[in-house]
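Read through the structure below, which is laid out as structure tokens, and then see the notes.
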Amino acid sequence: MKRGQRRVWIVLAGILLTGFVFMLCLCLGSVPIAVRETMNVLRSALTGAVRDDYIGIILLRRRLPRILCAGLIGASLSLSGAVMQGLLRNSLADGSTLGVSSGASLGAAVAIVTGFSVAMGDLTGTTLMAILFAALSLAGVLGLAYALDKSLSTQTIILLGVVYGMLVSALLTLLITFSGEKLRTITFWTLGSLASVNWSSMLLLTGAFVIFGAILLPHAAVLDLFALGESRAAHLGANVRRTKIVCMAAVCALCGVCVSVGGGIGFVGLVTPHMARLVVGPSHKRLLPACALGGANFLMLCDLAARALFSPLELPIGVITSIIGAAVFIALYAKRGRNDANA
Amino acid sequence: MQTLEVWNLAVRRNGKTLLRDVSFSLGSGEWLAIVGPNGAGKSTLMKVLAGEWTYTGVVTLDGRSLNEMKPRERALVMGLMDQGSFSQFAFTVEEVVRMGRYPYRKGIFHTGDPDEDAAVEQALADTGLTGLRHRSVLTLSGGEQQRCALAQALCHQPQVLLLDEPVNHLDLNYQKELYQIADGWRKSASHAVVTVLHDLSAARRFATKALVLSGGKPLSFGSIKESLTDDILNTAWNMDVAGWMREMGEAWR
């Protein structure tokens, strides 16, 4: 009974925390807005009366889509990280392990350098090109892995991902060398930023999160088996290869979409699963939802720091997540080391 | 009908023949010990039975060809306990044991296994782990880990239990305990047990049948009396096996 109660409290705390963080991110920024004012704007927007004044535009056109995008990207990257860590039984894996995220970054850089632009809603040419490159990378990496090693062993996958990531980085550097005055845009983009997101990006992210989340969440039970090792998973009746292909494809597609909207935001997918495991344990049935919720909160707060700390100057969000992420990761490992020493 | 039948089994990997001409059968309530010196092909045979490696020849489980079974179908008949640590993640003992029910679950959210709780309780009780159910597997001793692996395999409720060197690295008291649990399970549920064993004394004590392998070929198969004769053992190990065993036994007089 005590364990059941603990779970209820964790869920309640998670929901309350998310609500609090959401409101905090809405009210704070280069222009602080009072909570009451914010609530008024939201309430009138819900009843169909969208306020067109200065405050209304800041809240509804700028902050709200941006916060939702941050939340969705955080949730997606963290969910992907947890799936990849379980799947590859490697606590250093995340959604970018296969190199598909780097591929998306390359696509974005190509779009920036060539000035590629198409009219498709409010989505930028950069986003569309990044999605295209992510899809090509996914097909390339998985196809090559399958051709080299039909059993898709963890080692082959990690090796190929690392090699592909390096190749793409080299191409990116090459591109930057010839980019001239666009250097700043590319650099800012590869470090991640949510400064230019809009409601269309939000819809794109929501669609990706719903579709690929719906594919990944039902794999929770089989991911538990993978955490015991692939051969044990096979003995217990898991279809190892199919699980790997489906999960990796979904993870890469989800991360590809995230990168194409927000750029390369590092460390979120790596750190959140480790923090979530401390709270809800390693069982994926609880870990995956916890990661989605935790990652959403983490990235909303990081984005708040990115836009509010040195306002009006805006920091790349990837810088914030990497600084916090690295600190948290070291703290977690130090703690683990102490526990091991005591055991 | 025999629970497990193997006819003319051969395994080739990377151009090398690891195992050939293996035939045996096992019914419910029987315990097969697979014995032989290093490199005899014992582990290869276990990998085939566990569905990990491909083979030529015939292997049938409950009358169905192993090759034609889906992973989930095979897992319903065959339970395996192997060596090695569990996970770097802090699953509890109960969570690990519960994973043994995976092949019984249905639907995308893996619900609808009405016997799950009862099977988990039974497996925990059979292996004496009920008191440790909420402990993290990372904090278990070697013996407790092996018992946890056995509990997971029992929770499966398989018809054939495969034990790959189940007492490796275990203290004597845990060895005794583990053999007794497996023996009790075999007798009470009249299910079949297949073990790879290094310890010939344990093979004689607990198994009902033995398969002696040497250099990838079977030397003998049959009841303990028929298969573990002095001649065969001496050929397999190239020494006077029974004489050595008696000499060791003498040390306790």
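Between chain B and the options A/Ala234, A/Ala238, A/Gly86, the largest number of non-hydrogen pairs under 4.5 Å is found for A/Ala238.
Nearest heavy-atom pair, A/Arg277 versus B/Phe89, reported as atom, atom and distance to 0.1 Å: CZ-CE2, 3.5 Å.
Between A/Lys285 and B/Glu95, no side-chain nitrogen of the basic residue sits less than 4.0 Å from a carboxylate oxygen of the acidic one, so the salt-bridge criterion is not met.
The aromatic rings of A/His284 and B/Phe91 lie tilted to each other, with the angle between the two planes from 30° to 60°.
Side-chain contact between A/Leu236 and B/His156: present, with at least one pair of heavy atoms (C-beta onward) separated by less than 4.5 Å. Using a 4.5 Å cut-off on side-chain heavy atoms (C-beta onward), A/His235 and B/Met78 make no contact. A 4.5 Å side-chain heavy-atom check between B/Gln152 and A/Leu228 finds at least one atom pair inside the cut-off.
Taken from CE in B/Met99 to OG in A/Ser283, the straight-line distance is 6.5 Å, to the nearest 0.5 Å.
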